[in-house]
Amino acid sequence: MKLLPLVLKNLLRKKTRSLLTIGSIVLPLFVICILGTLLRALEADPSGGKGMYRLIVRHKVSITNWLPGAYDPKIRNLPGVVETLRMNWFGGSYIDQSAKNQFARFSTSDADRLLKVFDEATVVEGSEAEWVNDRSGLLVGRQLMKRYGWKLGQKVAFKGDIYPITLELTIRAVFSAADESGVYFHHQAVEEALPRVKGFVGWYWLKTDSLAAAERVPKQIDAMFENSSYPTRSETEKEFQAMWVSMLGNVKLLVGSITTIIAIVILLIAANTMAMAARERVTEIAVLRVLGFTKEKILGLVLGESFALSVFGGALGLGLFVLLLPGFREGLVNSPMGAFGAGVRLFPEVLLLGFGVTVAVGLFAGLVPAIRSATRPITEGLRQVA
Amino acid sequence: MAEPLIRIENVVKQYTRDTQVLTVLDGLSLEVDKGEFVALMGPSGSGKTTLLNLIAGIDRPTSGRILVGADEVSSMSEGALAKWRSENVGFIFQLYNLVPVLTAFENVELPLLLTRLSKAERKKQAETALAVVALSDRLDHYPRQLSGGQEQRVAIARAIATDPALLVADEPTGDLDSKSGEEILVLLERLHSEFGKTIVMVTHDPKAAARAHRLVHLDKGVLKEDVRAKGEKGEIGVAAAAAIAAGK
Ligand SMILES: Nc1ncnc2c1ncn2[C@@H]1O[C@H](COP(=O)(O)OP(=O)(O)O)[C@@H](O)[C@H]1O
Ligand SMILES: [Mg+2]
């Protein structure tokens, strides 16, 4: 379009104002993209779909209530169940209670089965056998290894809170998976140090052979233990995650509202700039129309300027986001929120969101000034001089 | 006898403000021949600018007809008028009204952007127009780097860039010192005599009006006086213009 140079020159007319407006698009857009990514990461399934075949069996009342370890053979014998695993949340602390030293610590009664159930994980250092055969052995996520600079064979101590013991464990293997921020060790080590907890586990983690089984088995299990002193609640890992995410529903709502508010603020700032620009140019636009510029051309000129403003801001904001995302992911993965960091990547829908906000800002910020400029009678525009 | 280029037939222009109707032009009729140089005088508020805007197709009359050549501008749609203006009229303002972010060349090229001309043709035509106003050495200057007189010359170059038959000027010397004003008048005179432009110029200044070959005096929206210089090439003359401006 022949008028593009004029659009750009108009933009450069008030350089400071244009720069400030562009800046006020860049940073909020960056924040919108980061928030959008976090939201998507929270919803993502870190197992890559395998969670649909896996079940979690916990106490009906809550996950903090223990279940008898003796349920294992009964569950294991159900048709469609491929593997079972007894899991516990050890909790406790490493070094101290501070936020930077938070990560997940699990113990399992069935170390030899862990990687059969949790089968998207692979051992990248040491070996599964070394870990399985050492009762005080430790299996560590690769990110966590990096975070603390741990070495294979190194001893680390966890101080318990639920369990009033301190465990000293030796790193025997390192695993890689979507979420590499946790550690796993033998529950037998806990039971030896604290015999009174023997026979109880936190929850069961099991693998089924089909979606049909994943659908059928939870009902069978729950029915089987319905009238015992330890009734169960079974669901697929996906549902379990969904429950987790629904607990985060409020967070989502909050993030969604913040995103909307930021978008509206950008819009208002850009609209204000465009309104000022159009107001300053009333006479000039009237002169253009005298020269033969049609209403449509004037509309295009003002909207074009508004678009140019938002596209510059949008491109910079998205560019900044794409550039800084890997660093953001890295930082998150190495933080106590590591589990969420695992889900962080460049989501196309987030880019689309950023692009959409950019286009919407360009359109709506310029719309009213553009229509006003185009429809103002020429004589009225010219009379503003006198 | 030359044929009329502009025919204004019984034109009424009213503005309605709230319930009050203001009649600015009250049944005005006027013909301007092709190649005429007409000065339009009259007290402030007498409707000169309004009349000029109607002739230039910027505004439309409340009633009556305005024809320029074969085109009835008083009944054209807004879109058609825009195109018509770009091809048939050059407008010169009192305050030049150049686009400040564009160079002299780009300002003159502006109306040419609406044509089908190629970039090279636009360049040639804009440079020619700037040569006519003797500003070939100021192509890349921005309006703020030019004097008032130079700015007005750029504005004139812009008005003639598409080579329209009709030029309308609303107090083109009103904001200039007498020397620069004189240069503008000489330029308009040349556009009239050398390039055969029909010019309608509103002015308060008897010296400016004296350059024209016909003087139309407007008062309260009606034609009070219409004087033609004697002879083909003659001018009105300062004394006559002053007398008319003073209302005799
Ligand atoms: N758009 C408009 N709305 C209302 N009144 C107007 C408008 N344009 C001009 N007028 C009025 O019409 C009269 C003539 O104006 P104008 O043609 O500009 O006079 P002149 O150019 O002779 O000084 C003035 O009283 C002016 O206030
Ligand atoms: Mg006037």
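All values below come from the heavy atoms of this structure, side chains included, with hydrogens, waters and symmetry mates left out. Residue numbers begin at 1 in each chain, while the letters A, B, ... track the order of the sequences.
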Does [atom1] in [X] sit with more than 12 non-hydrogen atoms of other residues, nucleotides or ligands closer than 6.0 Å?
X        : atom1 : result
A:Phe312 : CZ    : no
B:Lys123 : NZ    : no
A:Phe355 : CZ    : no

> With a 4.5 angstrom heavy-atom cut-off, which part of A:Leu12 approaches chain B: side chain, backbone, both or neither?
Replying inline: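 Interface part for A:Leu12: neither.
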
> Quick one: what part of A:Lys9 sits under 4.5 Å from any heavy atom of chain B, side chain, backbone, both or neither?
Replying inline: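 Both parts, heavy atoms under 4.5 Å.
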
Heavy-atom cut-off 4.5 Å, strictly under: side chain, backbone, both or neither for [X] against chain A?
X       : result
B:Glu87 : neither
B:Glu78 : side chain
B:Arg60 : neither

> Which pair of heavy atoms, one from B:Ser86 and one from A:Gly292, lies closest together, and at what distance?
Replying inline: CB-CA, 3.9 Å

> A:Val290 and B:Arg85: which non-hydrogen atoms are nearest, and at how many Å?
Replying inline: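 Residues A:Val290 and B:Arg85, closest heavy atoms: O-NE, 3.2 Å.
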
> Do the non-hydrogen side-chain atoms of B:Val101 and A:Asn10 ever get within less than 4.5 Å of each other?
Replying inline: yes

Rounded to the nearest 0.5 Å, what separates atom [atom1] in [X] from atom [atom2] in [Y]?
X        : Y        : atom1 : atom2 : value
B:Asn53  : A:Leu382 : CG    : CG    : 6.5 Å
A:Arg383 : B:Thr50  : CZ    : OG1   : 7.5 Å
A:Arg289 : B:Ile58  : CZ    : CD1   : 10.0 Å

>> Among residues at least two apart in sequence or on other chains, which ones pass side-chain hydrogen bond (donor to acceptor under 3.5 Å, both in side chains) with B:Asp177?
In response: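 Partners of B:Asp177 under the side-chain hydrogen bond (donor to acceptor under 3.5 Å, both in side chains) test: B:Ser180.
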
> Who pairs with A:Arg17 by salt bridge (charged side-chain N to carboxylate O under 4.0 Å, His left out), at least two apart in sequence or on another chain?
Replying inline: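 In terms of salt bridge (charged side-chain N to carboxylate O under 4.0 Å, His left out), with neighbours along the sequence ignored, A:Arg17 is linked to A:Glu280.
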
>> Set out, in order, the CA-CA distance, both residues' side-chain angles and the distance that settles side-chain contact (heavy atoms from CB on, under 4.5 Å) for B:Val99 and A:Arg13, then state yes or no.
In response: CA-CA 11 Å; B:Val99 179; A:Arg13 190 176 289 223; 3.9 Å; yes

> What's the verdict on side-chain contact (heavy atoms from CB on, under 4.5 Å) for B:Leu113 and A:Lys297, showing C-alpha distance, side-chain angles and the deciding distance?
Replying inline: CA-CA 11 Å; B:Leu113 293 177; A:Lys297 281 226 155 59; over 6 Å; no

> For the candidates B:Leu98, B:Thr162, B:Leu110, B:Thr49, which exhibits the highest count of non-hydrogen atom pairs separated by less than 4.5 Å from chain A?
Replying inline: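 Max contact count across the listed options: B:Leu110.
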
> Do you know which of B:Pro100, B:Gly90, B:Ala56 has the most heavy-atom pairs under 4.5 Å to chain A?
Replying inline: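 Result: the option with the highest number of such pairs is B:Pro100.
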
> For chain B, which of A:Thr294, A:Leu6, A:Thr379 has the most heavy-atom pairs under 4.5 Å?
Replying inline: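 Most heavy-atom pairs within the cutoff with chain B belong to A:Thr379.
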
